[in-house]
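Here is the structure we will look at.
Below, chains carry the letters A, B, ... as their sequence lines are ordered, and counting in each starts from 1.
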Amino acid sequence: MPDHKYDHQAVEDKWLQFWEASRLFCGGDLNLAEEEKKDKEYLLYAFAYPSGSGLHVGHVEPKTALDIQARFKRMNGKKVFFPVGWDAFGLPAENYAIKTGIHPRETTKTAINTFRSQVKRLAISYDWDSEIATNHPEYYKWTQWIFQQLYKKGLAYQSEGKVNWCPSCQTVLANEQVVSGLCERCDSEVIQKDLKQWYFKITQYRDELIEGLKSVDWPSPTKSQQNNWIGRSEGAEADFAIKGSSEKLTIFTTRLDTVLGATFMVISPEKFDQKKLIKLLSTENQQKVQDYIGLAYKKTEETRKIGEKDKTGVDTGLLVINPFNQEEIPLFVADYVLGGYGTGAIMAVPAHDERDLAFAKKFNLKVKEVVADGKLINSGEFDGLSSSAAVKKMLVAYPEFARLSINYRLRDWLISRQRYWGAPIPVVYDPEGKAHLVKEEHLPWVLPDDVDFKPTGESPLRSSKEFKARVEKLYGKGWTPEYDTMDTFVDSSWYYLRYCSARDKSQFADKEHLKTWMPVNLYLIGPEHIVLHLLYSRFFTKFLRDEGYLDLPSGEPFAKMRHQGMILGPDGKKMSKSKGNVINPDEIIKEYGADTLRVYEMFMGPLEADKPWNPRAVAGVARFLRKIYRLVNREIAKYGDSSLKLKLVEDRADLVQKLHWAIQKLSLDLPELKYNTAIAALMEFGNVWEKMDSDTELLLEKEEILSFIKLLAPLAPFISEELYDQARVLGLSAKNSIHLESWPKYDESLIQKNFTNIAIQVNGKLRGQMEWPTNRLQDKEAILSQAKSLEAMNKWLIDKEIKKEIYVPGKIINLVVV
RNA sequence: GCCGCGAUGGCGGAAUAGGUAGACGCGCGAGACUUAAAAUCUCGUACUAGCAAUAGUGUGUGGGUUCGAUUCCCUCUCGCGGCACCA
């Protein structure tokens, strides 16, 4: 008998070298023949940021999950595209540069090299020929090109106004990057600043961004989270005249039916300013209101939102006329009404709105109830109507001052960043300060090198002499560059398109390639990207489609999406260096090998769940793989002894049954990403095999051994390659690699057992069981009479009257007795 | 407050067009091999009572529908995620 010891180190090193040399999954031809296109499978893992600390066990899970999918689909004859790249611009590298003076280009390069070798060590079967990095000029050239296309269509614009500013990162942030008033990166409190910044007009696509969610196969909580973020809200606008002025005040409400209950009006400080209403006020009120607005501006929008539920405000002294009853009601300025939503003004109905009620109580204002028991009251001609009927009637009866209106929570996307390590915004300014696009022949508009990283509150690019000189040389004296760079989310909003033509120098992506490969068939992404990245990517895809660059009618880039959960520390808490509960994948690989790491992470539980790391359970998986190795290795070796015979059919029926059952189980579970139960099925087969283990008889036919190795291949690519290689002596290993083999087939008739176990219940409680020939499961009469005559059933049936007999074929009998 | 998700042995988790709860793994107990240990293998392992056969209880709480509920409906509790003065 040969040596069954499994030397994971030697075996894995050997096959790593072999795969690298044979370039197994690289250089895939992205041009597919027409008949192959229906078999295309584009698998995508969320762009990773190559952090300096290297691969984390949390990265291993989704990468492995997709790699299993890639290998399984390939074995099933699919044309798989499984590319890799790096979201390489971003703050950590720049912050590191500020500390150490090492250029981000250098640290990023080192980090990518580390990540690349770690990913290869895990046998993730990426097509490395399509590798991209967002910091590469050949990549960001097209990021800049897309900016320019947006600009030409009026979807990239500059606007001056209040923006979120992180004092620690020294940059502005998108609304989406402000979490509860804090910077999502560094947790500093975000303040408001007046700045002229670049925006992308994502709001143009807001309805389509809602509509498109209906057609994609995404987890429904994800869809509803996106929906909530876009925040479509149907309501009405109504015009209220300001007494003694030709000015009118337009408000937005979702409860027009309560308009007769409006006892005061509120306008936001910003809107009051914008509308220049101050001139209508008496001198003393002017002073009061001015003071209040000044105070409100000092608070950040975020602290206004969260901190103070306590209402503040000031009476303007103005009166506003309710067009529905001509009642004159006071107008307040208060910051609980937000300037950026709706019309920035509301009618306050304290009887039917908590916030208005709180304000009314504080300022001693009237409360008038207008809806009771679902019907309108105190509302004149509308009394007795339901809320929805009242709204309809109001809109029809008074079109001159009330109309349907829809509002959205989604704002335009602020993309300017006052940081160095990003793609420069491809814009230059003429001596008058007017913006012009950088000429297309000057793209990529290269990020200058001679930059001082130290934060000054201004864009670092201002410190580059080369940058300024470049602009004057190309565009003329007095011309200046745009010094801001783009939000890194811009880079990652189109990378899945670039993959399809990673080396194309003439265009952002080839239209034919895009048509062939888009949409992505499976996108695996962490739940933290649900709002930002997905919304932005969908916006870009729809825009490029509308411009004719992408033949994808839905404009939905990700047909199917799933999320991976978080790998928690052994203590059940999120891994962090400070808690000391971080598991290093390199150490696991060193001790047990990459196969064990992969299989363990897939076995921990459902992919989408958060799961704690269990060091003992890792050893259990290693034990399982060693056992499998031993069994297969021995079985192959037995074929070298011609005196050994195959065990009799009836004696090995259980093993054959289990094998075919396992093939079926994996064929169903793997495409569903149910890896934990798939691995459990392999373990069950291993257990049956082990119990039957014999030195004197063959247990499996050659083809059956091969089938089992194939089942293992997507999950544990090293050990299965090794066993496949050893199985060459059987004369069945026809390919260069197990990973080029085809997926095994199962025989349904072999999965069926001759006898089926039927449970017998009395009044719904399990009281007995019996075996019954599987081919006679439909014989209800015989089965019931057999069940009733079982000795074990006597005590439950004697002296009882059977009222009802239920038989579920092949499963259960329930006898209802009294 | 609103939206969404979840709760099953000592632990991670299986099983839901309603049909034998606890697959698989970890841990634990006993045994085999060994001078011994490690490794490996075998058996057992939801809880309670019992030597056992067996009986009772059991999928967060309380109720409902059903011959039968972890699965469907309602109520509540706890935990997690998102949004949050969005009118």
Side-chain angles (χ1 to χ4, degrees), chain A residues 4-5 179-181 219-229 231-233 235 251-256 258 266 268 302 304-311 334-338 340-349 352-356 358-359 407-410 527-528 530-531 568 572 599-600 603-606 608-621 623-624 626-627 630 674 676-684 686-687 690-691 693 757-769 792 795 803-817:
Chain A
H4 323 128
K5 287 252 165 47
V179 179
S180 312
S220 62
T222 301
K223 290 188 185 183
S224 74
Q225 214 176 307
Q226 282 233 336
N227 257 326
N228 291 344
W229 189 266
R232 186 178 195 272
S233 170
I251 58 97
F252 173 73
T253 177
T254 54
R255 291 295 306 276
L256 187 62
T258 63
V266 186
S268 65
E302 287 300 327
R304 266 169 63 183
K305 279 189 203 166
I306 35 163
E308 312 192 5
K309 299 289 176 188
D310 190 30
K311 301 281 180 291
D335 65 6
Y336 83 91
V337 171
L338 307 174
Y341 184 77
T343 60
I346 61 154
M347 63 178 200
V349 185
H352 304 288
D353 184 285
E354 263 180 59
R355 296 151 301 181
D356 297 343
F359 192 85
N407 261 290
Y408 298 81
R409 189 185 175 282
L410 182 71
E528 69 277 14
I530 285 171
V531 175
L568 306 170
V599 174
Y600 171 63
F603 185 60
M604 291 172 88
E608 66 280 6
D610 294 344
K611 302 159 287 261
W613 187 271
N614 179 348
R616 316 289 288 255
V618 184
V621 168
R623 203 146 51 220
F624 161 68
R626 280 199 299 269
K627 177 163 93 183
R630 188 177 67 241
K674 292 179 181 169
N676 53 334
T677 51
I679 292 163
L682 291 177
M683 287 172 167
E684 282 192 55
N687 290 343
E690 187 170 51
K691 287 218 174 65
D693 197 16
N757 183 280
I758 296 176
I760 306 166
Q761 295 184 338
V762 176
N763 288 344
K765 294 208 172 190
L766 182 69
R767 298 303 186 189
Q769 308 196 29
K795 63 191 275 197
K803 300 266 286 187
K804 198 171 178 183
E805 299 174 348
I806 289 146
Y807 170 56
V808 181
K811 292 207 164 143
I812 203 164
I813 289 165
N814 192 7
L815 303 170
V816 185
V817 304

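Remark: side-chain polar atoms of A:Asn228 are not paired, donor with acceptor, to backbone N or O of A:Gly231 under 3.5 angstrom.
Contact annotation for A:Asp356: no contact, since no heavy-atom pair falls under 4.0 Å across all strands. Across all strands shown, A:Glu805 has no heavy atoms under 4.0 Å from either base or sugar-phosphate atoms. The residue A:Pro527 sits apart from the nucleic acid: no heavy atom pair falls under 4.0 Å. Contact annotation for A:Asn676: backbone-only contact, meaning every heavy-atom pair under 4.0 Å involves sugar-phosphate atoms and none involves a base. Within the nucleic acid shown, A:Gln769 comes within 4.0 Å of at least one base atom, counting heavy atoms only.
As a whole-Å value, the separation of A:Arg409 CZ from B:A87 P is 11 Å. Between the CG atom of A:Leu766 and the C1' atom of B:G22 there is a distance of 14 Å, rounded to whole Å.
Ring geometry, A:Tyr336 versus A:Phe359: the interplanar angle falls from 30° to 60°, so the pair is classed tilted.
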Below 3.5 Å between N/O atoms, which protein atoms pair up with nucleotides 64-72 of chain B? Just atom names and distances, please.
| residue | atom | partner | partner atom | Å |
| --- | --- | --- | --- | --- |
| B:C67 | O2' | A:Asn814 | ND2 | 3.3 |
| B:C67 | O2 | A:Asn814 | ND2 | 2.5 |

Just the atom pairs and distances: protein N or O near nucleotides 24-26 of chain B's N or O, under 3.5 Å.
| residue | atom | partner | partner atom | Å |
| --- | --- | --- | --- | --- |
| B:G25 | OP1 | A:Asn687 | ND2 | 3.2 |
| B:C26 | OP1 | A:Arg623 | NE | 3.4 |
| B:C26 | OP1 | A:Arg623 | NH2 | 2.5 |
| B:C26 | O2' | A:Asn614 | ND2 | 3.4 |

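Each of B:G12, B:G19, B:G4 was ranked by its minimum atom distance to the side chain of A:Lys811; first place goes to B:G19. The nucleotide whose nearest atom lies closest to any side-chain atom of A:Lys765 is, among B:U57, B:G4, B:G13, B:U57. Ranking B:C85, B:A87, B:C3 by closeness to the A:Asp335 side chain, first place goes to B:C85. Between B:A87, B:U42, B:U40, one nucleotide has an atom nearer to the side chain of A:Lys691 than all others, and that is B:U42.
Remark: A:Thr677 is not in phosphate contact with B:G13, judged by side-chain N or O atoms under 4.0 Å from OP1 or OP2. Under 4.0 angstrom from either OP1 or OP2 of B:A87 there lies no side-chain N or O belonging to A:Tyr336.
Side-chain contact check for A:Lys627 and A:Asn687: at least one donor-acceptor pair (N or O, by modelled atom type) lies under 3.5 Å.
Enclosure of atom CD in A:Glu354 is not indicated, since only 12 or fewer non-hydrogen atoms of other residues, nucleotides or ligands lie within 6.0 angstrom.
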TODO: Classify every nucleotide of nucleotides 46-55 of chain B by which part a protein heavy atom approaches to under 4.0 Å, writing B for the base, S for the sugar-phosphate alone and - for neither, in 5'-to-3' order.
DONE: --------SS
